[in-house]
2 protein chains.
Amino acid sequence: MAKKKAKQRDCDPRPVSLPDDDCAEELAQLAWAVAHPARVRILRLLINRETCVCGEIVAELPLAQSTVSQHLKILKESGMINGEIDGPKVCYCINTEKLHTLKDLVAAL
Amino acid sequence: MAKKKAKQRDCDPRPVSLPDDDCAEELAQLAWAVAHPARVRILRLLINRETCVCGEIVAELPLAQSTVSQHLKILKESGMINGEIDGPKVCYCINTEKLHTLKDLVAAL
DNA sequence: ATCGTTAATCGTCGATCCACGATTAAGGTA
DNA sequence: TACCTTAATCGTGGATCGACGATTAACGAT
């Protein structure tokens, strides 16, 4: 039966215990905002341009205006971006604080 | 009409152009893996323990075995974790390389 | 060979996503 | 006021998610 012991897998013997899973939800929510190519592109655009009118974003993506608006809504609800009404247009900008929260949470993985 | 100019929003005047959106898809895919609290907890567990048998993960989460197995499948498909069969059990471990890819992509935002 | 354990898979259900066109609301302009 | 532009919202349809119980497959042990 020594053979059995020899095949022993190197599974971590430490007892299971979840670390602070409080922020699991927060990270999941922020990651969700980035979990779609269109939203990644929108975020990159806003990061590089500081701010951008909705119409420009629509023009840049191969998506209908309503679809882009939906993604913007998701990003806004996640707190990653802010929208500011400017006459008939809407200026979107990145929420640097939230972006850093995401970066920190991912980096802390 | 000076009033109109005074109210000018500080919208970035630079022309719109998407930066290398090639990795938008890659980031979106990796972020998607982390975009669920259960998967965040699983990842944290594996990161802290190096490796872990499936059953332990199931025991740690308030979810059915089949549900956990689904999440493990998603994580495996994203490349974030690897599973190694050990007799009737399965040992999961983190894919450090992919994890770093995710960290790098997020940090590069 | 049979039984028990472990984990993946199947099938289902409701909820949500994602895309779109159409419509509406809000603000400028003529 | 009437018109035009801009962007949010509505309503729809198809696809996928997330959860579960039940079943199956793989492996050890008796």
Side-chain angles (χ1 to χ4, degrees), chain A residues 1-9 11 16 24-25 28-29 31-42 45-46 51-78 81-93, chain B residues 1-9 11 16 24-25 28-29 31-42 45-46 51-78 81-93:
Chain A
M1 51 168 66
K3 183 170 134 213
K4 179 178 78 181
K5 241 44 191 133
K7 203 173 152 261
Q8 247 270 346
R9 289 297 309 116
C11 285
V16 232
E25 210 125 346
Q29 189 182 352
W32 165 249
V34 198
H36 191 286
R39 294 197 287 272
V40 171
R41 295 177 70 176
I42 293 173
L45 199 55
L46 293 181
T51 180
C52 189
V53 175
C54 173
E56 297 179 299
I57 303 173
V58 172
E60 195 61 25
L61 295 174
L63 296 170
Q65 176 263 324
S66 57
T67 305
V68 173
S69 209
Q70 264 188 163
H71 285 302
L72 288 170
K73 188 179 182 182
I74 291 176
L75 285 171
K76 213 161 46 178
E77 284 173 350
S78 77
I81 68 174
N82 294 322
E84 190 181 337
I85 298 174
D86 170 26
K89 306 185 179 182
V90 175
C91 247
Y92 284 99
C93 64
Chain B
M1 53 166 69
K3 182 170 134 214
K4 180 178 80 182
K5 241 52 191 120
K7 203 172 153 262
Q8 248 270 348
R9 290 296 310 116
C11 286
V16 232
E25 210 125 345
Q29 190 181 351
W32 165 249
V34 197
H36 191 287
R39 294 197 287 271
V40 172
R41 295 178 70 176
I42 294 174
L45 198 56
L46 292 182
T51 181
C52 188
V53 174
C54 173
E56 297 179 298
I57 302 174
V58 172
E60 195 61 27
L61 294 174
L63 295 171
Q65 177 262 324
S66 57
T67 305
V68 173
S69 209
Q70 264 188 164
H71 284 302
L72 288 170
K73 188 180 182 182
I74 290 176
L75 285 171
K76 213 161 45 177
E77 283 173 349
S78 77
I81 68 174
N82 294 322
E84 190 180 338
I85 298 175
D86 171 26
K89 305 185 181 183
V90 175
C91 248
Y92 284 99
C93 63

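Chain naming here is simple, since letters A, B, ... match the order of the sequence lines and numbering starts at 1 in each. Just so we're clear, the structure is a prediction, and the values are computed from it rather than from any experiment.
- The nearest whole Å value for the distance from the NE2 atom in His36(B) to the C1' atom in dC17(C) is 14 Å.
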- Evaluate the side chain to side chain contact (heavy atoms under 4.5 Å, CB included) criterion for residues Lys73(B) and Ser69(B): first the C-alpha distance (whole Å), next the side-chain angles of each, then the deciding distance (0.1 Å), finally the verdict. CA-CA 6 Å; Lys73(B) 188 180 182 182; Ser69(B) 209; over 6 Å; no
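- Counting to the nearest Å, the P atom of dA7(C) and the CD1 atom of Ile42(B) are 13 Å from each other.
- Between Leu75(A) and Ala33(A), the shortest heavy-atom distance links the atoms CD2-O, 3.7 Å.
- Between Pro62(A) and Trp32(A), the residue whose closest nucleotide on DNA chain C is further toward the 5' end is Trp32(A).
- Between Asp86(B) atom CG and dT6(C) atom P there is a gap of 12 Å when expressed in whole angstrom units.
- In this entry the distance linking CG of Leu75(A) with P of dC18(C) reads 11 Å, nearest Å.
- Rounded to an integer number of Å, the gap from Ile57(B) CD1 to dA7(C) C1' is 11 Å.
- Atom CD of Glu84(A) and atom NZ of Lys89(A) lie 14.5 Å apart (nearest 0.5 Å).
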- Note on the structure: With sugar-phosphate taken as primed atoms, P, OP1 and OP2 and all else as base, the protein-contact string of nucleotides 3-10 of chain D at under 4.0 Å (heavy atoms; B, S, -) is ---SBBB-
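- Here Lys76(B) pairs with Ile81(B), Tyr92(B) under the side-chain contact (heavy atoms from CB on, under 4.5 Å) rule; sequence neighbours left out.
- Nucleotide dC18(C) holds its P atom 13 Å from the CD atom of Glu25(B), rounded to whole Å.
- Between the CD atom of Gln29(B) and the P atom of dT16(D) there is a distance of 14 Å, given to the nearest Å.
- Regarding contacts with the backbone of dA19(C), a side-chain N or O of His71(A) is found under 4.0 angstrom from either OP1 or OP2.
- Judged by distance alone, with hydrogens and angles left aside, the side-chain atoms of Arg39(A) form no donor-acceptor pair with the main-chain N or O of His71(A) at under 3.5 Å.
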- Item | side chain to side chain contact (heavy atoms under 4.5 Å, CB included) evaluation trace for Ile57(B) with Leu45(B) | CA-CA 8 Å; Ile57(B) 302 174; Leu45(B) 198 56; 4.1 Å; yes
